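To keep things clear, I will list the structure first and then write my remarks on it.
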There are 2 protein chains.
Amino acid sequence: MRGNVFAVTVELVVLTVRDGRLQVLLVRREMAPHAGELALPGGFVRPQEDLLETAARELAEGTGLALPGHHLEQLGSYAAPDRDPRGRVLGVGHLALVPAGSLDTTPVGGHWSPVEETGPLAFDHAVILTDGVERARAKLEYTTLAASFCPEPMTVTQLRRVYEAVWGVEIDPRNFNRKVTSTPGFLLPTEERTSSGRGRPAQLFKRGPATVLHPPMLREPPAQ
Amino acid sequence: MRGNVFAVTVELVVLTVRDGRLQVLLVRREMAPHAGELALPGGFVRPQEDLLETAARELAEGTGLALPGHHLEQLGSYAAPDRDPRGRVLGVGHLALVPAGSLDTTPVGGHWSPVEETGPLAFDHAVILTDGVERARAKLEYTTLAASFCPEPMTVTQLRRVYEAVWGVEIDPRNFNRKVTSTPGFLLPTEERTSSGRGRPAQLFKRGPATVLHPPMLREPPAQ
DNA sequence: CTAATAGTGTCTCTTAGACAGTATGGC
DNA sequence: GCCATACTGTCTAAGAGACACTATTAG
């Protein structure tokens, strides 16, 4: 067969919302190259694996979270000739969204870091992280993906906190409530309500079958 | 280095609008595997090339079109273990949009086919084609990418025909005109007008600097 | 009672969609 | 004149943003 020969890895951008901020799962590399530096979790694709299988396996190994039940999608591939000193390595970035609270214990060998406070990362992982964060921000606009950041069941306020954390903006609670509850299939009401908490108990919802938002929820102010 | 070894190819979904229909550039394979079958243009990534460089080179070889001036973006990677009988080959799909009329001569070794009328394609190229078409359809909603399908300068009607062909819908010319001319930076008016044609001459526009549409142009009817 | 959070209602402004009507060319 | 295409104007309905207000809990 003609052509150059590559090793292929999968890199994971695992995002969650903790303490009101968008955070990413990072690991410290134990082996060369870039030993001791922070990096995205990931690893080599095995002989009989498809890309999504590798990503799901790495997610399970790194966080203990299993599919289905968590959002996982491919971001894109990165193959600059000099991105890995060992030779030509093509990295396929993936985006995973996990609900807050599903990883109360610190994940094995990794830790959470606010996406705006990650220092330099190994390889080109900073670029992959930027692309993953932007993908997540964009998808909140026109899909119901924000619910993937929330445990089930959830309150409308929890969902709104996700939008505020991911976009870094404040959203009017009343207009937000009207928007999400009037979008068919976004949130399915249950009969239950929150029990703890200081104020009036909130109604609990489950994720609905809708995947796209029509019309979308736009984040940018009417740009001048 | 651990891990499996891959060959890496770039596959191109080159789209244009001809005769009021969305069409894709296909080539007939000369060599095994899948000799004689229709396929997307593409080829192996060379030792010192990045993915976008390979895609630009293949686009130039297959169509004679050179970057910059044409839209080219990565779609995603396809790496099912059995997608190529020669062994493990990872294919990176790319989407290219070329203006109608920039390829009046039939491209070397290829031909245009309406996207709804392509028969079976070699490898998993039908999947890549579907993903590319859906990406193009989605991007028309919230970007100014439709202008990449038009030669410069263009009329508002030409731009509307692009939306109608890509989405397969009819759009009210008057509302469309109001929408695109009131979006800052989408179309830049010129002093020129069309000379040939049967009716009133139309004003000619150039592509503006805007890349995103705020608010977007939604394609789906208020779904019930 | 007060504080805190949840949820509803109302008004305005913008914009999409559905039309009618006018303008300017070729023939 | 006629026809074709380009372009403008007007009305209506839907949704976003900006508020005031009510509801239900803990203390």
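Only this structure's heavy atoms are used, side chains among them; waters, hydrogens and symmetry mates stay out. Worth saying up front: this structure is predicted, and the values here are computed from it rather than measured. Just so it is clear: chains get the letters A, B, ... in the order the sequence lines come, proteins before strands, and each one is counted from 1.
Among the nucleotides D:dA16, C:dG25, C:dA6, the one closest to any side-chain atom of A:T157 is C:dA6. Side-chain proximity of B:R200 to the nucleotides D:dA23, C:dA16, D:dT5 is greatest for D:dT5. Listed candidates were D:dC7, D:dT24, C:dA6. Nearest to the side chain of B:N177 is D:dC7.
Protein atom CZ of A:R193 is 9 Å distant from nucleotide atom P of D:dT24, rounded to whole Å. To the nearest angstrom, P of D:dA14 lies 19 Å from CG of A:L213. In this structure, the CE atom of B:M217 is 12 Å from the C1' atom of C:dT15, given to the nearest Å. Atom OH in B:Y142 sits roughly 21 Å away from atom P in C:dT15 (whole-Å rounding). Computed from coordinates, the B:K179 NZ to C:dA18 P distance equals 15 Å when rounded to whole Å. The nearest whole Å value for the distance from the CG atom in B:L159 to the C1' atom in D:dA6 is 15 Å. If you measure from atom CZ of A:F176 to atom P of D:dA18, you get 16 Å, rounded to the nearest angstrom. Atom CD in A:Q203 sits about 17 Å away from atom P in D:dA23, given to the nearest Å.
A salt bridge does not link B:E37 to B:R28: none of the charged side-chain nitrogens sits closer than 4.0 Å to a carboxylate oxygen. The pair A:K206-A:E191 fails the salt-bridge criterion, with no side-chain N (NZ, NE, NH1 or NH2) lying under 4.0 Å from an Asp/Glu carboxylate O.
Looking at heavy atoms from C-beta onward, B:V133 lies out of side-chain contact with B:V166 at the 4.5 angstrom threshold. With a 4.5 Å cut-off on side-chain heavy atoms, B:H125 and B:E11 count as touching.
Exactly one of A:D172, A:N177, A:I171 qualifies for a side chain to side chain contact (heavy atoms under 4.5 Å, CB included) with A:N175. That residue is A:D172.
For D:dA26, the base has no donor-acceptor partner in the side chain of A:R198 [N/O atoms by modelled type, under 3.5 angstrom]. Evaluation of atom-type donor-acceptor distances gives a pair under 3.5 Å for the side chain of B:N175 against the base of C:dA18. A:R178 contributes a side-chain N or O that forms a donor-acceptor pair with the base of D:dG17 under 3.5 Å.
A:Y78 and B:D50 are not linked by any side-chain donor-acceptor pair at a separation below 3.5 angstrom, with hydrogens and angles left out of the test. Using a 3.5 Å distance cut-off with no hydrogens or angles, the side chains of A:S77 and B:S77 do pair a donor with an acceptor.
The stretch residues 164-174 of chain A comes close to DNA chain D through A:D172, A:R174, each having a heavy atom under 4.0 Å from the strand.
Between B:G199 and B:L218, the residue whose closest nucleotide on DNA chain C is further toward the 5' end is B:L218.
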